[in-house]
Amino acid sequence: MNTSLRGLRESAARCTACDLYKHATQTVFGEGRPGAHIMLVGEQPGDSEDKEGHPFVGPAGKLLHSALSEAGIDERDVYITNAVKHFKFIERGKRRIHQQPKQIEIRACRPWLDGEIAAVRPQALVTLGATAARALLGPSFRLTAHRGEQLASDLAPLVFATIHPSAILRSPDDETRHAERARFVDDLHVVAQALADTRQERAPA
Ligand code: URA
């Protein structure tokens, strides 16, 4: 198989490794340049992403993009993808309601994610939400206990886990939403700082 990002994307578009392809509109592969310093991994495309074919273009994506900019992270240096590349949903009338992917679906999709990590070779990898964290850091990983910490992992030199931007959108009131968003920006800021620190360590004296 062609293991470049383009080759992986073309192969993933034909993926039938689990049943999710049967109902989703299309495979939503990651986006960004090989060599991007930061890789963000979400759960799975949502309704808008499924229709448009790009990751994080719906409401959670808008929040994510504004938080990245507030944390001083240049989008051109970010590769964004998901643990699962097809939208999983149930239909309720005209609405398509997101459903959490099962372990078997996450596992079926893992080769694409591994391929993306190998092709991009990010300096910092950040999981967004519990599904991506468990997919990459193991089923016993506890996001509430380790959110925002630098984690020991061979996935990338710097590995962090934070919440999913959809969780912020689900906040019960404005006050909580503002507080959760600020904490999310803080987490991204820690990533940006850790990256800046490693670059400084590597720079010739
Ligand atoms: N949520 C995700 O985890 N990924 C997307 O691409 C959009 C919403």
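Every number for a ligand or one of its atoms is a count from 1 in the order of the listing.
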task = Below 4.0 Å from any atom of ligand 1, which residues have a heavy atom? Give them in chain and number order, please.
result = Gly42, Glu43, Gln44, Pro45, Gly46, Glu49, Pro55, Phe56, Asn82, His164
query = Should the pair Asp77-Arg33 be classified as a salt bridge under the 4.0 Å nitrogen-to-oxygen rule?
reply = yes
query = Can you tell me if CD1 on Ile97 sees more than 12 non-hydrogen neighbours from other groups inside 6.0 Å?
reply = yes
ask   = What pairs with Phe89 under ring pair (Phe, Tyr, Trp, His ring centres under 6.0 Å), at least two apart in sequence or on another chain?
value = Phe87
Hey, can you pull the donor-acceptor pairs under 3.5 Å for the side chains in residues 5-12, sequence neighbours left out?
| residue | atom | partner | partner atom | Å |
| --- | --- | --- | --- | --- |
| Arg9 | NH2 | Gly30 | O | 2.8 |
| Ser11 | OG | Gly7 | O | 3.0 |

side-chain hydrogen bond (donor to acceptor under 3.5 Å, both in side chains) partners of residues 59-72, not counting sequence neighbours, each pair once = His65-Glu75, Ser66-Arg181, Glu70-Arg181
request  = From the options Gln99, Lys85, His86, select the one residue that forms a side-chain contact (heavy atoms from CB on, under 4.5 Å) with Leu20.
outcome  = His86
